[in-house]
Amino acid sequence: MPTFAFKLTEQRMTHDLKGKAVLITGASTGIGAAAARAFGRLGSRVAIHYNASRKAADEVAKDVRASGGEALLVGGDVTRIEDYDESFLKDVIALNVTQVALFMHEVIPIMRKQKSGSVINVSSIAARHGGGAGAIIYAGAKGFISTATHGWAKEVVGDGIRVNAISPGVIATPFHERYSTPEQLKAMQATIPMNRLGTADECAGTLVYLASDAMSGYVTGQVIEVNGGQYMP
């Protein structure tokens, strides 16, 4: 399908996202940034959360506004970690488990009052296979997200709230640019049937789908794999 036709179809099917408030944590780079830009193109009101990457967040906000959406920058460390030395374990759990649970604690009452809402968590393919060397704690934390997504979905479905998650595979993001060597990325690519790494934009489409009641109104409690065929449940 030509790109122009695809964009028209996307806009028609996601009409319910125009003017809708969308909060994206970690939206200054990678998958979060791609998602913010995607919702901006659909006319959403996007709250762009960032921690240290203010400059990158500013660029995302400019793109959102240029494409017809509204943008609001929200700065802060979602883990509320101050200047003290914590173990790696505590850091990983604070970022990937604690802040998600606290966010749910804050946002669910708001959604219950309005009798609607869509929460989309971000898990990882690591939750499926246990992660690579040095990533066991991260994989376990993401396993919590996948399991809790099922539980939260059942708990709030009666209030008109849907809770889902996406589970990205190996995505070309600043994270891998910083922490993965070319040799490691090549080895990962060899395990992917599509024989390439994914892009942040390819995750954004799934996020838009799950956010739109018009497209996924009967979908809740699901963890959707976005991994080029690397893992097929």
Side-chain angles (χ1 to χ4, degrees), residues 24-36 49-53 77-79 81 86-104 119-153 163-211 219-233:
I24 304 174
T25 59
S28 58
T29 61
I31 295 172
H49 164 263
Y50 67 94
N51 181 20
S53 304
D77 184 347
V78 293
T79 65
I81 294 177
E86 289 192 324
S87 69
F88 175 74
L89 170 62
K90 288 184 178 180
D91 284 342
V92 173
I93 297 300
L95 179 61
N96 293 287
V97 174
T98 306
Q99 68 94 0
V100 176
L102 289 175
F103 176 78
M104 294 294 290
V119 176
I120 310 167
N121 294 316
V122 179
S123 183
S124 168
I125 192 172
R128 296 288 196 177
H129 57 50
I136 296 173
I137 302 303
Y138 170 81
K142 288 302 186 181
F144 168 88
I145 296 302
S146 294
T147 300
T149 292
H150 301 317
W152 280 321
V163 183
N164 293 287
I166 68 167
S167 176
V170 187
I171 308 298
T173 64
F175 175 87
H176 280 300
E177 292 174 6
R178 183 176 180 181
Y179 294 108
S180 300
T181 67
E183 292 75 19
Q184 288 174 323
L185 291 175
K186 185 175 181 180
M188 292 179 200
Q189 182 173 327
T191 68
I192 302 171
M194 284 190 176
N195 194 33
R196 66 177 178 84
L197 306 188
T199 69
D201 285 334
E202 289 173 318
C203 294
T206 306
L207 291 167
V208 168
Y209 162 74
L210 289 173
V219 178
T220 195
Q222 303 303 307
V223 180
I224 298 182
E225 307 293 334
V226 186
N227 59 40
Q230 187 179 13
Y231 177 83
M232 302 181 188

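Throughout, numbering of the chain's residues begins at 1 and tracks the sequence. It should be emphasised that the depicted structure is a prediction, and the values quoted were computed from it without experimental measurement.
- In this structure a side-chain-to-backbone donor-acceptor pair under 3.5 Å is missing from Gln184 to Pro182.
- Ser124 is linked by a side-chain hydrogen bond (donor to acceptor under 3.5 Å, both in side chains) to nothing, counting only residues two or more places apart in sequence or in another chain.
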Identify all side-chain donor-acceptor contacts of residues 186-194 below 3.5 Å with residues at least two apart in sequence or on another chain.
from: Gln189; atom 1: NE2; to: Asn195; atom 2: O; distance (Å): 2.9
from: Thr191; atom 1: OG1; to: Met188; atom 2: O; distance (Å): 2.6
from: Thr191; atom 1: OG1; to: Gln230; atom 2: NE2; distance (Å): 2.9

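- Rounded to the nearest 0.5 Å, atoms CG (Asn164) and OG1 (Thr206) are 11.0 Å apart.
- Partners of Tyr231 under the side chain to side chain contact (heavy atoms under 4.5 Å, CB included) rule, at least two apart in sequence or in another chain, are Ile125, Arg128, Glu225, Asn227, Pro233.
- Of all heavy-atom pairs between Tyr50 and Ser28, the closest is CB-CB, 3.9 Å.
- Applying the side chain to side chain contact (heavy atoms under 4.5 Å, CB included) test to Ala165 and every residue at least two apart in sequence or in another chain returns Asn121, Thr149, Val223.
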Do Phe144 and Val100 pass the side-chain contact (heavy atoms from CB on, under 4.5 Å) test, and can you show the C-alpha distance, the side-chain angles, and the key distance before you say yes or no? CA-CA 10 Å; Phe144 168 88; Val100 176; 5.6 Å; no
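- Taking OG1 of Thr25 as the start and CG of Leu95 as the end, the distance is 9.0 Å to the nearest 0.5 Å.
- Nearest heavy atom pair, residue Ala139 against residue Gly131, reads CB-N, 3.7 Å.
- Residues passing the side chain to side chain contact (heavy atoms under 4.5 Å, CB included) test with Thr173, sequence neighbours excluded: Ile31, Ile171, Phe175, His176.
- Every residue meeting the side chain to side chain contact (heavy atoms under 4.5 Å, CB included) condition with Thr98, not counting sequence neighbours, appears here in chain and number order: Ile93, Leu102.
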Show the numbers, then the answer: is there a side-chain contact (heavy atoms from CB on, under 4.5 Å) between Ile166 and Leu207? CA-CA 7 Å; Ile166 68 167; Leu207 291 167; 3.9 Å; yes
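- Taking NE2 of His150 as the reference point, atom OG1 of Thr220 lies at 10.5 Å (rounded to 0.5 Å).
- In terms of the side-chain hydrogen bond (donor to acceptor under 3.5 Å, both in side chains) criterion, residue partners of Thr199 (sequence neighbours excluded) are, by chain and number, Glu202.
- In this structure Ser146 satisfies the side-chain hydrogen bond (donor to acceptor under 3.5 Å, both in side chains) test together with Ser123, sequence neighbours excluded.
- Put simply, the side chain of His49 never gets that close to the backbone of Ile24: no donor and acceptor are under 3.5 Å apart.
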